[in-house]
Every structure is written in C-alpha cells, then in structure tokens.
Amino acid sequence: MIFEDVVFFIAAIGALAGAAGVVILRNPFYSVLSLVGHLFFLAVLFLLLRAQFLAAAQLIVYAGAVMVLYVFVVAYIGGAEEPIGQNVPGIRPLGVLFAACLLAELCIAVIGTGLKALDTRGAHVANGFGGPAQIGSLLLKQYLIPFEAASYLLLIAAVGALVLARKRRGFEELTEEGRPA
Amino acid sequence: MNVTWYLVLSAFIFAMGAAGVLTRRNPLVVLLCLELMLNAGNLALIAFSRMWGNADGQIFALVVMVVAACEVVVGLGIIVGIFRRRIPEDVDALSELRG
C-alpha cells in the first residue's frame, strides 16, 4: 500500500512537471519532448488504476506514434521560438486567471459531488480487470458500434490529412503571383 | 490512493492545458495543450472506472484517444498547409476566418 502511494506521488509530480513544461517552454521541440514525459507518467498512473491495456496503448500509440508525428512536423516547419510581445496587452494574465478559476471550479465540483466512494480506493476488482481480454470482449460485444465508428473516423482523418497536406500546383502558382515569396 | 487524488490531479492537468491554449501563440503548442486537456479527461474517466469497478469508462477513454489522434492528424495537416502558404505561425495572425 505504501509502495503504491509513493509511486502515485512520483508519477503525479512527473505528470504535472511535464504539463508545466509543455505550457512554459518557448521552443516547440522541447514542448513536444516534455509532453512525451508527461504521457509516460500518465501511463504509470493508468497502471496504478488497473488499466493495463490503456497504459500500453498510451505508451505505444501516443508516446510512440503520435509524438513522432509531432516531432516530424516541428522538424519540417523549423520550430521557431515564439515572439515575446503580445498583440493584445494584458491577455496573458487574464488567461492564467481564467485557468485558475477553472481549476477551483473543477475541484469544488469533484469534492462537492457527495459520492461516498470517492474517499475509498475503489471497488474490489477481479484479477483480469482492464486487461486486453476484458477490453476486447467489451469492444466486440457491448460497444461494437462505437468501435466501428471510431475506425471510420480514423479513416476519414487519414484521408483528410492527405488532402490538407498534399501539394496543390494551381493554388501555389496563384499565391506566388499574388505575393512576393 | 483515494480516487479523489486522481480527480484533483486531472483537474490540475486540465487547467494547465486550458492556460496553455489561452496564452500560447504557436498553433503547434496550442495543439499540444489540447492534448493535455484530453489526457486529463482520460485520467478522470479511468479513475471513475476504477471507482465503480466497471471497465466501461476505459472504453470511453479509448474512444477519446481515437478522437485525439484524429484531431492531431487534421491539426498538423492544417499547420503544414499554413507553413506552405508562408503565413506566420501565430494564432493572432490567423484571423482571416474570424466572423
């Protein structure tokens, strides 16, 4: 039990540090690397919550595939640092204030629900809880339609990305005439 | 750990992501901060799934992951398109579609 608590605090601090790094670091490349660390610690938290399949999917799909996509795009567009000046003065403190209000509201909402099970370690679960066998049988029996809809959504997104990122000859000639490159 | 700890942690991560979306100007970093918010939602879903001892919440989290992957693919496609047209990568400058 004490071991679980220690692992929770280490993973929670790591996840918060990763999130802070994403928001604070000015170089987009470092932000992406910070998000990879954040995702790793989040996968540890998923493991503590007995979501083994999701922890593995988080590491393989997110930290493995999606982040590689980000790194490629940062390398492609050059990863320029952000300009420091602001177009609208005073917008940054306002944004932070809004986020703090959101945090307070979420905490009040969580603590004020009155759910008695919130103060426990959760219900007793069987040994295979959250494993690939249980997730697979749920996906193919109870949630078959969302599963198929998700696969169509991925297909549509892949085609959409191809359409967005391909070279359009006619359009590029038009812009080169219109503005000095 | 009690489930409340996980929920408060997820609220912290969500608020950090919201602050990033509101304050950062690089569209790529705005997408990264959206990822933070989606992941905070995932953490809350899985914590509730653990609380009830019911794996349905993990299925929801899986669907959120799929939606996040789609959002990343389309968003990065748009960013590459912005770069190709030599428009400055600044969300304040990308105001042509503003109503």
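Lettering of chains follows the sequences in order, A, B, ..., and the numbering in each one begins at 1.
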Mind checking whether [X] and [Y] have side chains closer than 4.5 Å, heavy atoms only?
X	Y	result
B:Phe83	A:Val73	no
B:Leu62	A:Leu139	yes
B:Phe12	A:Leu106	no
B:Cys70	A:Leu154	yes
A:Leu16	B:Met16	yes
B:Leu36	A:Val23	yes
A:Leu25	B:Val29	no
A:Leu45	B:Leu9	yes

Against chain A, label B:Ser10 side chain, backbone, both or neither, depending on which of its atoms sit under 4.5 Å from a heavy atom there. neither
Residues passing the side-chain hydrogen bond (donor to acceptor under 3.5 Å, both in side chains) test with A:Tyr62, sequence neighbours excluded, are B:Glu35
Where does [X] contact chain B at under 4.5 Å (heavy atoms): side chain, backbone, both or neither?
X	value
A:Val110	side chain
A:Leu103	both
A:Leu39	side chain
A:Ile24	backbone
A:Val32	both

To the nearest 0.5 Å, how far apart are [atom1] in [X] and [atom2] in [Y]?
X	Y	atom1	atom2	value
B:Leu7	A:Ile111	CG	CD1	9.5 Å
B:Gln58	A:Arg50	CD	CZ	11.0 Å
A:Leu138	B:Ile59	CG	CD1	4.5 Å
A:Leu164	B:Leu76	CG	CG	10.5 Å
A:Phe46	B:Arg50	CZ	CZ	14.5 Å

Which residues, ordered by chain and number, are linked to A:Ile10 in its hydrophobic cluster, where ILVMFWY side chains connect at heavy-atom gaps below 4.5 Å, directly or through other members? A:Val6
Running the 4.5 Å side-chain criterion over Ile, Leu, Val, Met, Phe, Trp and Tyr, what cluster does A:Val68 land in, apart from itself? A:Phe72
Please step through side-chain contact (heavy atoms from CB on, under 4.5 Å) for the pair A:His38 and B:Ile13, ending with a clear verdict. CA-CA 10 Å; A:His38 168 78; B:Ile13 296 174; 3.7 Å; yes
What residue in [options] has the most heavy-atom pairs under 4.5 Å with chain A?
options	answer
B:Val21, B:Ile79, B:Val72, B:Val67	B:Val72
B:Val8, B:Leu28, B:Val66, B:Asp56	B:Asp56
B:Ile82, B:Val63, B:Leu31	B:Leu31

Carefully, step by step, assess B:Ser49 and A:Leu49 under the rule side-chain contact (heavy atoms from CB on, under 4.5 Å). CA-CA 9 Å; B:Ser49 146; A:Leu49 287 168; over 6 Å; no
Can you check side-chain contact (heavy atoms from CB on, under 4.5 Å) on B:Arg84 and A:Tyr76, steps first, answer last? CA-CA 10 Å; B:Arg84 287 241 177 93; A:Tyr76 179 66; 3.3 Å; yes
Contacts of residues 140-149 of chain A with chain B (heavy atom under 4.5 Å): A:Gln142, A:Tyr143
